[in-house]
Novice: 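Structure incoming, see below.
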Amino acid sequence: MDRRWIQNPNRCADEYLDGIEDFIEFARRHNPGATRIRCPCRRCNNTLWETIENVGFHLVRNGMIETYSIWNLHGEQLEHASSSNATRVDSVQPTVDANDQVMDIIQDVFPFASTNMNQKEQDDVPTPIDSAEFEQYEKLLKNANQELYPGCESFSVLTAIVELMHGKIKYRMSNLCFDYFLGVFKRMLPTDNCLPKDHKQAQKVLNGLGLGYEKIHACKNNCMLFYKEYESLDTCPICNESRFKMTSQNRTTKIPQKVMRYLPLKPRLQRLYMSTHTATDMRWHKEKRVDDDVMRHPADGEAWKEFDRTFPEFAADPRNVRLGLATDGFNPYGVLNQHHST
C-alpha cells in the first residue's frame, strides 16, 4: 500500500482523503469490535484514544504524524511491513540516540562556546565569550557526558533529567508527584547513581539551558511593579502598602507581598533561530506553505494577507516574527492546578 499521501501537505487533496479512508478501514479490520483506537494525528501523537469517527476527523484537521508509515500501533506486523515492496521505508526517520539529541540542544544553546572549542583544537584565536556563559556550558557538558551510574551507556545525567522533565510536563505531573517517583527511581538505581533527588535539583541542572524567568516584586494591591526606577523602594508610592510581608526580626531574608514572573520574549525568539530544525519551521509560512485557498493556518487568513500588503518590507523577510497571544489554559493560581481554566 502506497503511503506517500501521509507526506502530502494538502489535507483536502483527494489522495490524502482516500488515504485516511484506507487507514480507517485498516484500523477497523485489525481491531474488530473496538470502539476506540489510538489517534495518530499530530496533536494526539498516538498517545490518546478516540472513537474511529473522531480519528478520521482529527486526521483531516491536524494531519497524520509524518513518520508513522508503519501502522504497528494499529495492528500492522513490523516484519510484514518491512518486507512489503509497497511500503516506503525511506520515509521513516532513523532512531536518534537521546544522548546525541541532548548534545545537539547544548550546541544550539551555546553556539559560540562550541565554536570556541573547535577553534582551540585548530590553534586559532578563539572568539571572546562571556565567562559566566562558558561556565554554564561546561556544567551542562559535564552532565551530558557523565553516566547516570557507572556502566550506564543508555543515559547520561542530563539525558535522564530531560526525559523525566519532558514526561512531567506532558502528563501534567505535579511537583510532589514528580518528587515521589524521582525518589523511587533513585532507590531502584545503583547506590552510586547521579540522579537528582527532587524536582528542585533537576531544575537547577536545566537552568543552564536558559529560557528561565525573572521575578519582579509587585504591589499587594496591583498598583505598580518594583521595577527600574522603583526597584529600590520598600513601599508603594501610590497606596503606601509595604513591599514585603511582616516577618520575625530573626529572619534574614525578606518575603515580598506579591511576585510577578516575567518570561523575556527576545531570548525565546533567538532560541528558535539557533536550531536548524526550528529555524526552518519559523520560515514555513513563506517557504513551504501551500497556497491553495484552503484555510488551515493563520497565514491563509485575510488578516495575515492584509498585514503583508500594509507592511511589504516586513513581509519580504520570512524571518520576521508575527506574535499572537492566546490565554486558553493560562493558570494564575498555581502550577498544574486543575480547578481553574481561563
Novice: Step by step, would you call Met260 with Tyr262 a side-chain contact (heavy atoms from CB on, under 4.5 Å)?
Specialist: CA-CA 6 Å; Met260 184 194 78; Tyr262 166 61; 3.9 Å; yes

Novice: Is it true that atom CZ of Arg309 has more than 12 heavy atoms of other residues, nucleotides or ligands lying nearer than 6.0 Å?
Specialist: yes

Novice: I want to check something: taking the side chain as every heavy atom from C-beta on, are Asp300 and Val294 in contact at a cut-off of under 4.5 Å?
Specialist: no

Novice: I need the Lys168 NZ to Glu163 CD distance, nearest 0.5 Å.
Specialist: 15.5 Å

Novice: Strictly by modelled atom types, are Lys258 and Asn221 linked by a side-chain donor-acceptor pair under 3.5 Å?
Specialist: no

Novice: Between Asn8 and Arg4, is there a donor-acceptor pair closer than 3.5 Å when you use the side chain of the first and the backbone of the second?
Specialist: no

Novice: Is any side-chain heavy atom of Phe23 closer than 4.5 Å to one of Val55?
Specialist: yes

Novice: When you compare the side chains of Tyr68 and His74, does any donor N or O come within less than 3.5 Å of an acceptor on the partner?
Specialist: yes

Novice: Does a donor on one side chain sit under 3.5 Å from an acceptor on the other, for Asn54 and Thr51?
Specialist: yes

Novice: Are Cys236 and Tyr230 close enough that some pair of their side-chain heavy atoms sits under 4.5 Å apart?
Specialist: no

Novice: Any non-hydrogen side-chain atom of Glu147 less than 4.5 Å from a side-chain atom of Phe155?
Specialist: no

Novice: Working to the nearest 0.5 Å, report the span between NZ of Lys142 and CG of Leu158.
Specialist: 13.0 Å

Novice: Going only through I, L, V, M, F, W and Y residues with side-chain contacts under 4.5 Å, is there a path from Phe26 to Leu73?
Specialist: yes

Novice: Looking at NE2 of His30 and CD of Glu25, how far apart are the two atoms once the value is rounded to the nearest 0.5 Å?
Specialist: 10.5 Å

Novice: Whether Asp198 and Lys200 form a salt bridge (side-chain N of Lys/Arg under 4.0 Å from carboxylate O of Asp/Glu) is what I want to check.
Specialist: no

Novice: Given the rule in the side-chain contact (heavy atoms from CB on, under 4.5 Å) test, do Val184 and Arg187 qualify, once you have shown the distances and angles that lead to the verdict?
Specialist: CA-CA 5 Å; Val184 172; Arg187 293 196 303 271; 3.6 Å; yes

Novice: Thinking salt bridges, do Arg243 and Glu231 make one under a 4.0 Å N-O criterion?
Specialist: no

Novice: Show the nearest heavy-atom pair for residues Cys39 and Glu50, with the distance to one decimal.
Specialist: CB-CG, 4.1 Å

Novice: Can you check whether Glu66 reaches Arg42 side chain to side chain, under 4.5 Å on heavy atoms?
Specialist: yes

Novice: Could you report the tightest heavy-atom contact between Cys12 and Arg296, atom names first, then the distance?
Specialist: N-NH2, 4.2 Å

Novice: If hydrophobic clusters are built by linking Ile, Leu, Val, Met, Phe, Trp and Tyr wherever their side-chain heavy atoms come under 4.5 Å apart, do Val321 and Phe314 end up in the same one?
Specialist: no

Novice: Nearest 0.5 Å please: distance from the CG atom of Asn62 over to the SG atom of Cys44.
Specialist: 7.0 Å

Novice: Do the two ring centres, one from His297 and one from Trp284, sit under 6.0 Å apart?
Specialist: yes

Novice: Do Pro40 and Met64 touch side chain to side chain, with heavy atoms closer than 4.5 Å?
Specialist: yes

Novice: Can you tell me how far NZ of Lys197 sits from NZ of Lys186, rounded to the nearest 0.5 angstrom?
Specialist: 9.0 Å

Novice: Under a 4.0 Å threshold between the charged nitrogen and the carboxylate oxygen, would Arg28 count as salt-bridged to Glu53?
Specialist: yes

Novice: Within the supplied structure, the quantity of interest is the number of heavy atoms (other residues, nucleotides, ligands) at a distance under 6.0 Å from Asp14 CG; does it exceed 12?
Specialist: no

Novice: Given side chains that start at C-beta, do those of Tyr149 and Leu195 come closer than 4.5 Å, heavy atoms only?
Specialist: no

Novice: Let me confirm one number: the CD1-NE2 distance from Ile161 to His199, rounded to the nearest 0.5 Å.
Specialist: 11.0 Å

Novice: May I ask you to check whether over 12 heavy atoms, not counting those of Met295, lie within 6.0 Å of atom CE?
Specialist: yes

Novice: Report the C-alpha distance between Leu206 and Leu140 in whole Å, list the side-chain angles of each, state the deciding distance to 0.1 Å, and finish with yes or no for side-chain contact (heavy atoms from CB on, under 4.5 Å).
Specialist: CA-CA 8 Å; Leu206 296 183; Leu140 284 170; 5.7 Å; no

Novice: Looking at Phe226, Tyr227, Phe244, which one forms a ring-ring contact (aromatic ring centres under 6.0 Å, His included) with His217?
Specialist: Phe244

Novice: Taking all non-hydrogen atoms of both residues into account, name the closest pair between Pro9 and Val290 and its distance.
Specialist: CG-CG2, 3.6 Å

Novice: Take a 6.0 Å sphere around OH of Tyr273 and say whether it holds more than 12 heavy atoms from other residues, nucleotides or ligands.
Specialist: yes

Novice: Give the minimum heavy-atom separation between His285 and Pro318, together with the two atoms involved.
Specialist: CE1-O, 3.3 Å

Novice: In this structure, are over 12 heavy atoms from other groups packed under 6.0 Å from Lys305 atom NZ?
Specialist: yes

Novice: Taking Arg283 for the side chain and Arg319 for the main chain, is one N or O donor matched with an acceptor at less than 3.5 Å?
Specialist: no

Novice: Quick one: do Ile238 and Leu225 end up in the same hydrophobic cluster if we chain Ile, Leu, Val, Met, Phe, Trp and Tyr together by side-chain heavy atoms under 4.5 Å apart?
Specialist: no

Novice: Between Arg3 and Trp71, is NZ or CZ placed under 6.0 angstrom from the six-membered ring centre and within 45° of the ring axis?
Specialist: yes

Novice: Between Met173 and Leu48, is there shared hydrophobic-cluster membership here, with clusters defined by ILVMFWY side-chain heavy atoms closer than 4.5 Å?
Specialist: no

Novice: Quick check: closest heavy atoms across Ile37 and Ala27, and the distance to 0.1 Å?
Specialist: CD1-CB, 3.7 Å

Novice: Are there over 12 heavy-atom neighbours, none belonging to Glu287, within less than 6.0 Å of that residue's CD?
Specialist: yes

Novice: Do Val205 and Phe181 share a hydrophobic cluster, counting only Ile, Leu, Val, Met, Phe, Trp and Tyr and linking them when any side-chain heavy atoms are less than 4.5 Å apart?
Specialist: yes

Novice: Please say whether more than 12 non-hydrogen atoms of neighbouring residues, nucleotides or ligands are located less than 6.0 Å from CZ in Arg43.
Specialist: no

Novice: Under a 4.0 Å threshold between the charged nitrogen and the carboxylate oxygen, would Asp308 count as salt-bridged to Arg322?
Specialist: yes

Novice: Closest approach of Asn193 and Pro190, non-hydrogen atoms and distance?
Specialist: ND2-O, 2.6 Å

Novice: Given Tyr16 and Ile6, is the side-chain contact (heavy atoms from CB on, under 4.5 Å) satisfied, shown in steps?
Specialist: CA-CA 7 Å; Tyr16 189 86; Ile6 297 175; 5.9 Å; no

Novice: Under a 4.5 Å cut-off applied to non-hydrogen side-chain atoms, are Met165 and Gln203 in contact?
Specialist: yes

